[in-house]
Structures are given as C-alpha cells and as structure tokens.
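Only one structure is covered here, and it is reproduced in the block below.
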There are 2 protein chains.
Amino acid sequence: MNKKNAIERCDSPAIHENTVESVRGRLPAEDALFDLAELFKIFGDSTRIRILSVLFETETCVCDIACLLNMTQSAISHQLRILKQAKLVQNRRDGKTIYYSLADDHVKLIFDQGLIHITEP
Amino acid sequence: MNKKNAIERCDSPAIHENTVESVRGRLPAEDALFDLAELFKIFGDSTRIRILSVLFETETCVCDIACLLNMTQSAISHQLRILKQAKLVQNRRDGKTIYYSLADDHVKLIFDQGLIHITEP
DNA sequence: AGATCATATGATCATATGTTCATATGATCA
DNA sequence: TGATCATATGAACATATGATCATATGATCT
C-alpha cells in the first residue's frame with residue numbers, strides 16, 4: 001500500500017480510512033447542513049427566543065412585545081425582521097398596528113425539543 | 001384611569017395592557033429562555049452541525065472528523081470543546097486517540113426537528 | 001529518555017452580530 | 001392637511017465568535 005492510497009485531503013490525514021469513507025457517503029448534503037445551522041442560528045439569541053415565547057401565547061404587536069421584554073421598539077423590530085426573513089413569523093396590519101404571529105407549527109416543536117434537553121437531567 | 005395605571009416599563013408603552021399582563025404571567029422563566037438560546041447557539045454553526053452529523057453515524061476521532069470536513073485539527077478540536085462543554089458530545093481515550101460520540105439522544109431529536117422545518121415546503 | 005503521534009489550548013485577527021440613535025414610512029384622526 | 005402614532009430601517013459602534021498559528025500536553029514506541 002503506497003502513499004497514494006492514503007487519504008490526504010487535509011493537514012490531518014485520516015487514521016481510519018474505512019470509517020471515513022463509509023461515513024462520508026452517509027452525510028447529509030452540505031447545503032442542508034448549512035441551512036440547518038442558519039435555522040438554529042435564528043433560535044440562538046435570547047431576544048429572538050423571548051419574542052417567540054411571547055408569540056406562542058398569542059399574536060402580539062411590536063409595541064407590546066417591546067413592553068413585555070422591556071426593550072426598545074427598534075431592537076424588537078430589527079429582530080422581528082430577522083424572524084420574518086427566516087419565515088418563522090408572519091404579520092398582518094390592522095390600522096397603524098402590526099401584529100406578529102408564528103408562521104409555522106414547527107417553530108414550537110423545535111423550541112420544545114430544545115426545552116426538553118434543557119430541563120432534563 | 002390615570003397615568004399611574006398605564007404600563008410604562010419601557011419607551012414603548014403597551015397598547016394592549018390586558019394582553020400584556022396576561023402573557024407576562026405565562027412566559028417561561030428568563031433563565032430557561034436564556035439557556036435555550038445558548039443551546040441553539042451551539043447548533044447554529046455550520047462546523048458544529050457538520051461535526052454532529054458525523055457523530056450521528058459513528059463515534060469518530062478528531063483527526064478523522066478533520067479529514068471528513070476538510071478542516072484543520074485545531075479548528076475541529078476547538079469546536080469539539082464547545083460541544084463537550086454544552087454536554088452534547090462526550091469522549092473516550094484509546095491510547096493516543098480520542099474518540100468523540102454523542103452524549104445524548106436529544107441531540108438527534110433537536111437536529112431532526114430542525115431538518116423537518118428545512119425540508120418541508 | 002527521546003522521538004513521534006493525536007489532541008488541546010492560548011493569542012491574535014478578521015468577520016459577524018445585536019443594540020442604539022436618528023430618521024423614514026405609512027396609517028389614522030382632528 | 002398637519003399632527004400623531006406604530007413600525008421600519010440605515011449607520012455606527014461595541015461585543016462576540018470562529019479560524020489560524022504556534023505551542024503545549026499526554027500517550028506510545030523504539
């Protein structure tokens with residue numbers, strides 16, 4: 001077995017070539033993993049998590065969310081924008097007021113799955 | 001009703017006092033929400049997600065992970081440290097080699113729940 | 001013991017991210 | 001129409017974060 005057969009794609013050549021090759025074939029697509037990381041990134045901020053936990057209860061306007069979380073309207077608005085771009089929330093206008101609500105049932109499922117991990121010993 | 005009864009905890013006074021007060025009582029504890037955001041923050045990075053997706057297949061040593069992901073040993077080691085501190089992975093030593101594996105079944109459940117959201121229309 | 005291998009870690013640096021401030025937009029009401 | 005209210009947004013700034021580089025640690029083998 002000469003050097004050409006060794007896996008040398010990186011500075012740390014694999015120790016277990018068989019394992020590496022086997023696992024490589026079963027990994028999810030890079031794109032999916034990237035998108036998944038992006039999704040969790042959205043959940044990975046206290047402000048956004050708190051906003052979502054408010055919206056789990058009821059649709060809420062920007063102003064009320066700001067009040068509930070004791071933050072500025074601007075900060076909340078910026079984060080709502082991110083949540084909306086990620087399609088986790090949606091909104092509707094009623095006169096001057098804009099109400100935000102969850103876009104999706106998955107959101108709560110993901111949230112709850114995380115909560116289980118947090119609360120269990 | 002005088003001003004003292006109005007909710008003025010922030011620069012954006014609530015429009016719907018009843019809703020705000022009602023929701024306030026039902027929100028999860030601040031600590032839990034903070035921890036939850038911290039948890040999702042761990043998942044919110046491509047490298048860590050890719051590492052986890054490797055470990056879903058089999059326990060793997062640092063070197064092999066680096067090879068699989070085409071990254072340096074150091075970068076992987078740093079991220080494994082973060083995953084371990086978050087108790088998402090564990091490790092065992094076998095001679096010079098250190099094998100990492102999932103610490104918890106929840107990890108895959110959270111991962112999969114996110115994947116559902118990604119893959120569904 | 002010395003050399004080597006696998007991994008860990010501290011410092012550094014560039015980039016990403018969240019909040020603030022000022023201001024813009026868009027709708028309602030007098 | 002002008003004033004006001006609710007929300008959105010751009011710029012600026014401070015902090016957080018991830019990769020790299022150099023080096024340390026810890027185990028194995030001769």
Side-chain angles (χ1 to χ4, degrees), chain A residues 6-8 10-17 19-20 34 37-51 59-86 89-101, chain B residues 6-8 10-17 19-20 34 37-38 40-52 59-86 89-101:
Chain A
I7 296 172
E8 288 178 323
C10 55
D11 65 327
S12 311
I15 302 178
H16 313 92
E17 302 187 17
T19 304
V20 167
F34 182 83
E38 290 300 305
L39 173 67
F40 286 126
K41 206 171 286 182
I42 306 292
F43 285 85
D45 175 77
S46 293
T47 299
R48 290 192 290 267
I49 278 284
R50 291 162 78 214
I51 291 175
E59 72 168 6
T60 317
C61 71
V62 180
C63 182
D64 285 356
I65 298 175
C67 178
L68 273 164
L69 305 189
N70 201 34
M71 293 182 66
T72 67
Q73 171 269 322
S74 178
I76 299 300
S77 188
H78 277 296
Q79 296 306 327
L80 282 170
R81 185 165 186 268
I82 292 173
L83 288 168
K84 195 185 176 196
Q85 284 178 332
V89 306
Q90 60 192 164
N91 59 17
R92 70 177 176 88
R93 176 181 281 279
D94 179 13
K96 285 178 285 190
T97 308
I98 294 183
Y99 292 92
Y100 280 83
S101 58
Chain B
I7 295 172
E8 288 178 325
C10 54
D11 67 326
S12 311
I15 302 176
H16 313 91
E17 302 186 17
T19 305
V20 168
F34 182 83
E38 291 299 306
F40 285 127
K41 205 170 287 181
I42 306 292
F43 285 85
D45 175 77
S46 293
T47 299
R48 289 191 291 268
I49 279 284
R50 290 163 78 215
I51 291 175
L52 291 176
E59 72 167 6
T60 317
C61 71
V62 180
C63 181
D64 285 357
I65 299 174
C67 178
L68 272 165
L69 305 190
N70 200 35
M71 293 183 65
T72 66
Q73 171 270 321
S74 178
I76 299 300
S77 187
H78 276 296
Q79 296 307 326
L80 283 170
R81 185 167 187 268
I82 292 174
L83 289 168
K84 196 185 175 196
Q85 284 177 334
V89 306
Q90 60 193 166
N91 59 17
R92 71 176 176 89
R93 176 183 281 277
D94 179 13
K96 286 178 282 189
T97 308
I98 295 183
Y99 292 93
Y100 280 83
S101 57

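We name chains A, B, ... by the order of the sequence lines, and we start the count at 1 in each one.
Atom CD1 in B:Ile51 sits about 13 Å away from atom C1' in C:dT7, given to the nearest Å. When rounded to the nearest whole Å, the span between CZ of A:Arg92 and P of C:dA27 equals 16 Å. For the pair B:Phe34 CZ and C:dG18 P, the interatomic distance rounds to 13 Å; values are reported in whole Å. Rounded to an integer number of Å, the gap from B:Ile76 CD1 to D:dT20 C1' is 13 Å. Here D:dA16 presents its P atom at 22 Å from CZ of B:Phe40, a figure rounded to the nearest Å. Taking atom CZ on B:Phe43 and atom P on D:dG18, their separation rounds to 14 Å, with Å as the unit. Spacing between atom CD of A:Gln79 and atom C1' of D:dT7 amounts to 15 Å, rounded to whole angstrom units. Atom pair B:Arg81:CZ and D:dT25:C1' shows a separation of 14 Å (rounding to whole Å applied).
A 4.5 Å side-chain heavy-atom check between B:Ser74 and B:His78 finds at least one atom pair inside the cut-off. Within the 4.5 Å cutoff, no side-chain heavy atoms of B:Gln73 are placed close to those of B:Cys63.
A distance cut-off of 5.5 Å between ring centres, combined with a plane angle under 30°, leaves A:His78 outside any stacking arrangement with the base of C:dT19.
Of the candidates B:Asp64, B:Thr60, B:Asn91, B:Tyr100 forms a side chain to side chain donor-acceptor pair (under 3.5 Å) with just one, namely B:Asn91.
Nucleic acid contact for B:Lys84: none, since no nucleic acid atom lies under 4.0 Å from a heavy atom of the residue. Across all strands, B:Tyr100 comes closer than 4.0 Å only to sugar-phosphate atoms, never to a base (heavy-atom distances). Looking at heavy-atom distances under 4.0 Å, B:Leu80 makes no contact with the nucleic acid at all.
Side chain of A:Arg93, nearest nucleotide from D:dA19, C:dG18, C:dG26: C:dG26. When distances run from any side-chain atom of B:Ser74 to the nucleotides D:dG18, D:dC21, D:dT9, the shortest one goes to D:dC21. In the set C:dA6, D:dT20, D:dA19, D:dT20 carries the atom at the smallest distance from any side-chain atom of B:Thr72. Counting only heavy atoms from C-beta on, A:Lys96 has its side chain closest to C:dT28 among D:dG26, C:dT7, C:dT28.
Nearer the 5' end of DNA chain C, as judged by each residue's closest nucleotide, is the contact made by A:Lys41, out of A:Lys41 and A:Gly95.
Taking a pair to require two hydrogen-bonding distances under 3.5 Å in either a Watson-Crick or a G-U wobble arrangement, D:dG2 pairs with C:dC29. Judged by Watson-Crick or G-U wobble contacts below 3.5 Å, the nucleotide C:dA8 has D:dT23 as its partner.
The aromatic rings of B:Tyr99 and A:His16 are tilted relative to each other, their planes meeting at an angle between 30° and 60°.
In this structure, A:Cys61 and B:Ile15 approach most closely via the heavy-atom pair SG-CD1, 3.9 Å.
Counting atom types as modelled, A:Ser77 pairs no side-chain N or O with a base atom of D:dT9 as donor and acceptor under 3.5 Å. Within 3.5 Å, a donor on the side chain of A:Gln73 pairs with an acceptor on the base of D:dA8, or the reverse.
For the pair B:Arg48 (side chain) and B:Lys41 (backbone), a donor-acceptor distance under 3.5 Å is present.
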